[in-house]
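Only one structure is covered here, and it is reproduced in the block below.
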Amino acid sequence: MSLGTELPSFSIYSVNCDISILLGIVGNTRWSLQPKFDKGCLKYFDVLRTTKAGKVEFEVLLTVEYDDDDEDDEKESFSGCLEEGQTTVRIMANCWDLEECPGKVKGSITLYTDCLKCSKCGTRNMMKKLPTSLSNLSDDLLVVMNNCEFFADVTLKCGTAEIPAHRNILAARSPVFATHFKNKMEGSGEVVEITDVKSDVLKAMLKYIYSGKIYPLTSEEAEDLLVAADIYQLKELKELCVEELKSNVTLDDVSRLLVVGHFYDESLKSHAKETVCKYEKFSELEHTEEWKNLESKYPCLAIEVLKSVIDHSQKTEKNSPDLKKSLACSSVARL
């Protein structure tokens with residue numbers, strides 16, 4: 001983890017339900033935040049990470065933008081620490097009344113290693129300025145992306161959508177774009193046909209390319225963006241999408257994620273297989289249309305999953321008559 005790492009900024013759109021916000025991934029650690037509101041008041045929030053890594057301090061900056069233009073925005077900052085081996089910490093807040101004065105909460109979190117606490121080297125104050133600068137740079141690059149008058153020199157044409165862009169930024173972020181522009185040294189005004197992703201996916205990918213940020217994603221959007229990240233060799237974006245998909249695997253989409261993982265990410269496929277193995281009744285899955293489609297189109301993948309289910313059931317001594325019957329009746333098992 002780099003010193004003074006600021007994760008992508010986030011927004012809280014609802015204070016009436018419990019939510020979990022994916023903040024981002026640093027190394028192999030997934031960071032998230034879970035705010036708790038009571039009658040419009042932010043009581044506390046939990047900061048969570050998925051690995052029991054070393055000690056990490058953090059600072060959270062929250063800003064409430066009131067819907068009433070006459071109300072000035074308010075800011076609150078909070079500090080906390082996750083000790084070595086700790087994955088969750090709760091920060092008490094008790095601020096704002098968003099029922100009486102409705103508004104939207106925006107925030108950012110910055111992570112610090114122990115070195116930044118060292119009073120002898122005096123680095124912490126300097127390093128704290130870096131994340132703010134990087135955040136401003138990210139926001140400024142979004143302005144550049146959203147305003148075509150800022151010296152755009154290429155147009156990405158995707159279906160009916162035409163999106164102005166900048167070759168130097170695209171080439172710096174994506175090896176695929178870099179190769180394209182190196183081999184086609186055309187002047188300003190080049191039009192590049194994008195046929196391998198949909199226009200809304202391209203726009204989300206460009207947001208990441210310019211700013212390093214992504215919008216909150218549905219499972220389907222994360223799948224599409226993962227494929228795009230794989231095509232354009234955006235490694236970190238691909239990892240973000242994979243982690244988001246792993247965090248929300250359900251019976252309804254596990255078959256689809258098996259296929260996505262099979263072609264694009266082995267860790268996603270392994271996670272989806274583990275999810276299948278944990279179902280008490282395999283019949284619940286095999287009767288879904290998604291599983292039937294998987295069996296029909298990718299029989300080798302279906303056999304691989306079935307073997308995993310059998311191995312798991314034998315190791316955990318859950319090889320019940322119901323499971324044996326279900327596996328025996330599977331269309332793949334009869335191949």
Side-chain angles (χ1 to χ4, degrees), residues 6-11 13 21-26 106 108 133-245 248 253 256-257 259-265 268:
E6 182 173 14
L7 300 180
S9 58
F10 58 88
S11 296
Y13 296 97
I21 302 167
L22 174 64
L23 299 174
I25 299 173
V26 180
K106 292 186 175 181
S108 62
S133 175
L134 290 177
S135 178
N136 291 339
L137 175 62
S138 174
D139 293 339
D140 289 343
L141 285 172
L142 278 180
V143 172
V144 171
M145 184 188 81
N146 292 323
N147 293 271
C148 59
E149 64 267 22
F150 282 98
F151 311 109
D153 56 4
V154 66
T155 298
L156 304 180
K157 183 174 175 57
C158 185
T160 59
E162 295 186 355
I163 306 171
H166 306 80
R167 283 185 289 187
N168 54 349
I169 294 178
L170 298 180
R173 298 283 277 161
S174 166
V176 175
F177 279 122
T179 300
H180 173 84
F181 294 129
K182 182 179 180 180
N183 294 334
K184 295 188 66 175
M185 299 298 291
E186 298 184 15
S188 179
E190 178 189 359
V191 177
V192 178
E193 293 278 353
I194 304 294
T195 59
D196 40 21
V197 299
K198 295 181 291 187
S199 60
D200 57 335
V201 178
L202 175 61
K203 291 175 182 177
M205 185 180 78
L206 287 175
K207 175 181 170 66
Y208 172 80
I209 285 177
Y210 275 78
S211 70
K213 299 177 180 179
I214 58 174
Y215 296 104
L217 301 171
T218 65
S219 179
E220 290 78 7
E221 290 170 339
E223 289 175 33
D224 292 339
L225 198 53
L226 185 158
V227 174
D230 183 80
I231 293 172
Y232 289 91
Q233 297 179 28
L234 301 169
K235 182 180 178 181
E236 187 179 71
L237 176 59
K238 183 176 177 180
E239 291 174 352
L240 284 170
C241 294
V242 168
E243 289 303 315
E244 178 63 21
L245 290 170
N248 294 292
D253 59 19
R256 194 172 65 250
L257 295 184
V259 176
V260 174
H262 182 66
F263 286 102
Y264 297 102
D265 188 83
L268 177 60

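As a basis for the values below, the full set of heavy atoms in this structure was taken, side chains included, without hydrogen atoms, waters or symmetry mates.
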With sequence neighbours left out, write down each residue that passes side-chain hydrogen bond (donor to acceptor under 3.5 Å, both in side chains) with [X], or none if nothing qualifies.
X	answer
Asn168	none
Thr218	Glu221
Tyr264	none
Gln233	none

Qualifying salt bridge (charged side-chain N to carboxylate O under 4.0 Å, His left out) pairs with a residue from residues 232-242, counting only residues at least two apart or across chains: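 For residues 232-242, and leaving out neighbouring residues, the salt bridge (charged side-chain N to carboxylate O under 4.0 Å, His left out) pairs sorted by first residue read Asp230-Lys238.
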
Under the salt bridge (Lys or Arg N to Asp or Glu O under 4.0 Å) rule, collect the residues that match up with [X], sequence neighbours excluded.
X	value
Lys203	none
Asp224	Lys198
Glu220	Arg256

Residues which pass side chain to side chain contact (heavy atoms under 4.5 Å, CB included) with [X], listed by chain and number, not counting sequence neighbours:
X	value
Ile194	Leu156, Cys158, Phe177, Val192, Asp196, Val197, Leu202, Tyr232
Ile21	Phe10, Ile12, Ile19, Leu23, Leu33, Pro35
Thr179	Asn183

Partners meeting ring pair (Phe, Tyr, Trp, His ring centres under 6.0 Å) with Tyr210 (sequence neighbours left out):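 So Tyr210 forms a ring pair (Phe, Tyr, Trp, His ring centres under 6.0 Å) with His166.
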
